[in-house]
Amino acid sequence: DVQLQASGGGLVQAGGSLRLSCAASGFTFDDYAIGWFRQAPGKKREGIACISSSDASPSYADLDSVKGRFTISSDNAKNTVYLQMNSLKPEDTAIYYCAREMGFNRCTSSWYKGWGFGSWGQGTQVTVSS
């Protein structure tokens with residue numbers, strides 16, 4: 001079975017850091033791009049970052065709210081994608097999900113919309129206190 005297991009969330013004070021992990025199994029990791037998304041209560045899901053498996057090139061959503069603070073990376077030997085989050089703010093509070101691009105090993109131009117992504121993991125809660 002294809003599985004994406006997100007972990008690493010928790011409660012952190014504003015200004016702190018967290019590193020989320022997305023452990024993948026059940027498919028050839030090198031064949032699919034992986035994306036990180038988040039959804040806050042009462043808000044729409046938004047794409048945060050995506051990493052292409054073909055060359056590990058990252059793509060970030062054009063969100064002023066996360067620019068320069070979040071970094072996506074991957075470890076193909078561990079079939080794991082990471083999201084390093086620094087200088088966290090209360091508005092970063094959300095459930096963070098990772099998902100697999102279903103048809104490409106690269107992040108398409110519309111990746112941030114979540115189109116074409118599947119195998120959504122269960123998510124990990126990130127709560128940032130002020």
Side-chain angles (χ1 to χ4, degrees):
D1 290 349
V2 173
Q3 289 191 352
L4 292 172
Q5 184 81 22
S7 63
L11 174 63
V12 63
Q13 288 189 330
S17 298
L18 283 173
R19 188 177 79 157
L20 306 184
S21 299
C22 175
S25 61
F27 64 96
T28 303
F29 188 76
D30 294 350
D31 287 348
Y32 301 93
I34 300 290
W36 279 103
F37 301 81
R38 70 183 181 185
Q39 187 165 21
K43 295 188 177 181
K44 294 173 63 175
R45 183 187 67 202
E46 60 182 3
I48 301 297
C50 177
I51 190 163
S52 297
S53 62
S54 56
D55 58 3
S57 59
S59 297
Y60 297 95
D62 189 20
L63 297 173
D64 290 337
S65 57
V66 302
K67 280 182 178 178
R69 298 190 297 121
F70 291 8
T71 303
I72 191 170
S73 62
S74 64
D75 184 337
N76 285 23
K78 296 183 178 180
N79 286 2
T80 300
V81 173
Y82 303 99
L83 185 68
Q84 178 67 43
M85 306 187 296
N86 298 327
S87 302
L88 284 163
K89 305 175 182 179
E91 50 264 43
D92 294 318
T93 295
I95 299 176
Y96 285 70
Y97 300 89
C98 57
R100 181 183 72 158
E101 222 294 346
M102 299 302 288
F104 298 94
N105 62 1
R106 58 179 176 80
C107 305
T108 65
S109 59
S110 61
W111 71 264
Y112 60 95
K113 298 180 180 180
W115 297 350
F117 280 81
S119 304
W120 294 84
Q122 86 290 352
T124 185
Q125 175 71 49
V126 172
T127 303
V128 184
S129 62
S130 56

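For the numbers below, each heavy atom of this structure counts, side chains included, while hydrogens, waters and symmetry mates do not.
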Report yes if some heavy atom in the side chain of [X] is under 4.5 Å from a heavy atom in the side chain of [Y]; otherwise report no.
X	Y	value
K67	D62	yes
E91	V128	no
R69	D92	yes
W120	R45	yes

Do you know the tightest heavy-atom contact between [X] and [Y]?
X	Y	result
A33	S52	CB-CA, 4.2 Å
L11	S129	CD1-CB, 4.3 Å
C22	I34	SG-CG2, 4.3 Å
D75	F29	O-CE2, 4.4 Å

Between [X] and [Y], is there a donor-acceptor pair closer than 3.5 Å when you use the side chain of the first and the backbone of the second?
X	Y	value
S53	Y32	yes
E101	N105	no
T80	A23	no
Y97	A6	no

To the nearest 0.5 Å, what is the distance between [atom1] on [X] and [atom2] on [Y]?
X	Y	atom1	atom2	answer
Q39	E46	CD	CD	9.5 Å
C98	I72	SG	CD1	9.5 Å
Y60	W36	OH	CH2	13.0 Å
T71	L83	OG1	CG	8.0 Å
S119	L4	OG	CG	5.5 Å
Q13	S130	CD	OG	9.5 Å

Any luck finding a side-chain donor-acceptor pair between S17 and N86 under 3.5 Å?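 Yes - a donor-acceptor pair under 3.5 Å links their side chains.
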Against R38, only a single residue in I95, V126, L20, V66 fulfils side-chain contact (heavy atoms from CB on, under 4.5 Å); can you say which?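 That would be V66.
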K43 atom NZ, neighbour heavy-atom count above 12 within 6.0 Å: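 No - once you tally the heavy atoms of other residues, nucleotides and ligands closer than 6.0 Å, there are 12 at most.
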Check the surroundings of atom CD in Q3: do more than 12 heavy atoms from other residues, nucleotides or ligands lie under 6.0 Å from it?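 No, not enclosed.
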F117 and ring-ring contact (aromatic ring centres under 6.0 Å, His included): which partner among F104, W111, F37?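 The ring-ring contact (aromatic ring centres under 6.0 Å, His included) with F117 is passed solely by F37 among F104, W111, F37.
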In the single-linkage hydrophobic clustering (I, L, V, M, F, W, Y; side-chain heavy atoms under 4.5 Å), do L63 and L18 co-cluster?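 Hydrophobic grouping puts L63 with L18.
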